[in-house]
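Structure first, commentary second.
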There are 2 protein chains.
Amino acid sequence: MAPVRILVVDALELVHEGLKARYAKSLELDLSAYAPTGETMLLHVAAAPPDLVLLDVSLPVMDGIDAMRALHARHPQVKALAHSLLHGIEYVNSMLLEGASGYLVKNGPPEELPQAVRTVMAGGRHLSPSAREAVDKGYTYTEKRPDGEYIGLTAREREIIRLVALERTNAEISAALFISEDTVKTHRRNLMTKLNVRSTAGLVRYAVDRCWV
Amino acid sequence: MAPVRILVVDALELVHEGLKARYAKSLELDLSAYAPTGETMLLHVAAAPPDLVLLDVSLPVMDGIDAMRALHARHPQVKALAHSLLHGIEYVNSMLLEGASGYLVKNGPPEELPQAVRTVMAGGRHLSPSAREAVDKGYTYTEKRPDGEYIGLTAREREIIRLVALERTNAEISAALFISEDTVKTHRRNLMTKLNVRSTAGLVRYAVDRCWV
DNA sequence: GCATCAATACCCACAAGAGGGGGTTTTGGT
DNA sequence: ACCAAAACCCCCTCTTGTGGGTATTGATGC
């Protein structure tokens, strides 16, 4: 068997170097490829498609979820495995719905990556224990979206949530974006419903986790 | 010259492995020691004091700022270098005031670590460019604490800010902690003043960044 | 070419929550 | 004895959250 060619996507190059060092002696994993952002990942895949993309969820600018969507849309044959320290259900669900074949939580035992890669390359799905637990537990506040369905945010909504996380009030946001305060409130309302959160705090956490601030 | 014995403290073991691999050929850095948390770092330092501790700011349970304070209190002779992807002024100032000899932003050029270590071991202070920039720019909202002085949070305040970041309302927090809603509001007020933020959003970001949620 | 839909933007009104001003009392530790 | 932390209180304003709605645009489908 030829080794599985894996493209590591992570904001920290140290993580890539750590993975290379850790699996240097492995005959089944080829971890030589690296991209620091979603954009460079897409360029890399277009130029030299790997067998599998190991994709961090928290990436600057274009985050892991966006990157996953773009990857799946343009290169559906390339497998992808989400890789993150976060194991909140929003992220696990989002990545799986965008086409990831699994969700590997960082800091698991070293044997987990090769196992997960084998499972995924064989057409299966791998979920780390804590990711599976999050999915099983479901959403915390289920009044609004008990289905837990994932809905992508629009560009405008992302602008809004970013400014909310930057401590701006509705009045300031409306001034900054040249829209009325009522419109800002509508966007916040839609965001809270989509993300299944109760308050500003939930919006801020989402934005911070997705590296939008 | 004997190599500088460095204890790497980072939630991700991959970062340690990456550093080891990156500087494997260096004769001046000995990166063999590792601790995943602040507590284990303190045990490690007590048992076998290194020359320098490379301390991440975002650590679970006891975060980097707490760990820095404890390290400096118990082992003032051990140098410490903060190491983080974050370069917000609150973190840079806090780490320096707790006794760090510098602030190294992750993902800088590979030459930066050896340089910083040399500077620090010679008694100097090293700040990565973006950390220096943050300090120079000062706080965003300076009305409240223009001095930018760092004030530690009390245990109770941390409980409060954690619950705020978990989307709890004042009423829910008061019920959870068996205190009155007015007390919760007082704590929030004190927190906002101490952390120099304007709203819940700022509190949530602080709590998320410090891994308190 | 027209229907349809999602995204964006806007509006009113009311309730709930958070923010800011001023305080006081109790408790535990040095 | 002192001090800081923690807890409590009132009052008032501002911001947010929630309940309803409507209008405009631009892209997609048929």
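So that the names make sense, note that chain A is the first sequence line, chain B the second, and so on, each numbered from 1.
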Polar pair under 3.5 Å, donor/acceptor by atom type, side chain [X], base [N]:
{"X": "A:T183", "N": "C:dC11", "value": "no"}
{"X": "B:R188", "N": "C:dG17", "value": "no"}
{"X": "A:R189", "N": "D:dG21", "value": "no"}
{"X": "A:T169", "N": "D:dC14", "value": "no"}

Could you tell me how far apart [X] ([atom1]) and [N] ([atom2]) are, to the nearest whole angstrom?
{"X": "A:L195", "N": "D:dG17", "atom1": "CG", "atom2": "C1'", "result": "16 Å"}
{"X": "A:E157", "N": "C:dT8", "atom1": "CD", "atom2": "P", "result": "6 Å"}
{"X": "A:I173", "N": "D:dT15", "atom1": "CD1", "atom2": "P", "result": "12 Å"}
{"X": "A:D182", "N": "D:dA23", "atom1": "CG", "atom2": "P", "result": "16 Å"}
{"X": "A:I160", "N": "D:dG17", "atom1": "CD1", "atom2": "C1'", "result": "16 Å"}
{"X": "B:R156", "N": "C:dT27", "atom1": "CZ", "atom2": "P", "result": "15 Å"}
{"X": "B:K194", "N": "C:dG19", "atom1": "NZ", "atom2": "C1'", "result": "18 Å"}
{"X": "B:N190", "N": "D:dA6", "atom1": "CG", "atom2": "P", "result": "10 Å"}

Is the shortest side-chain N/O distance from [X] to OP1 or OP2 of [N] below 4.0 Å?
{"X": "A:T154", "N": "C:dT8", "value": "yes"}
{"X": "A:H187", "N": "C:dT8", "value": "no"}
{"X": "B:T200", "N": "C:dG19", "value": "yes"}
{"X": "B:S180", "N": "D:dC9", "value": "yes"}
{"X": "A:S199", "N": "D:dG17", "value": "no"}
{"X": "A:R198", "N": "D:dG17", "value": "no"}
{"X": "A:N170", "N": "D:dT16", "value": "yes"}

message: Both B:K185 and B:I179 contact DNA chain D. Taking the nearest nucleotide for each, which residue is further toward the 5' end?
response: B:I179
message: Can you work out whether A:T186 or A:A171 has the more 5'-proximal nearest nucleotide on DNA chain D?
response: A:A171
message: Any salt bridge linking A:R158 with A:D66? Criterion: basic side-chain nitrogen under 4.0 Å from a carboxylate oxygen.
response: yes
message: Strictly below 4.0 Å, N to O, side chains only: are B:K106 and B:D10 in salt-bridge contact?
response: yes
task: Take B:H187 and B:E159 through the test side-chain hydrogen bond (donor to acceptor under 3.5 Å, both in side chains) and record every step on the way to the result.
output: CA-CA 10 Å; B:H187 284 305; B:E159 292 187 81; over 6 Å; no
field: A:T183 side chain to A:T186 side chain, donor-acceptor N/O pair below 3.5 angstrom
entry: no
- line: Ranking D:dA7, D:dA6, C:dT8 by distance to the side chain of B:A155, first place goes to D:dA6
message: I'd like to know if the side chain of A:S84 reaches the main chain of A:L86, judged simply by a donor and an acceptor atom lying under 3.5 Å from each other, with no hydrogens or angles considered.
response: yes
- request: Take the angle between the ring planes of A:Y206 and A:Y91 and call it parallel below 30°, perpendicular above 60°, tilted in between.
  value: parallel
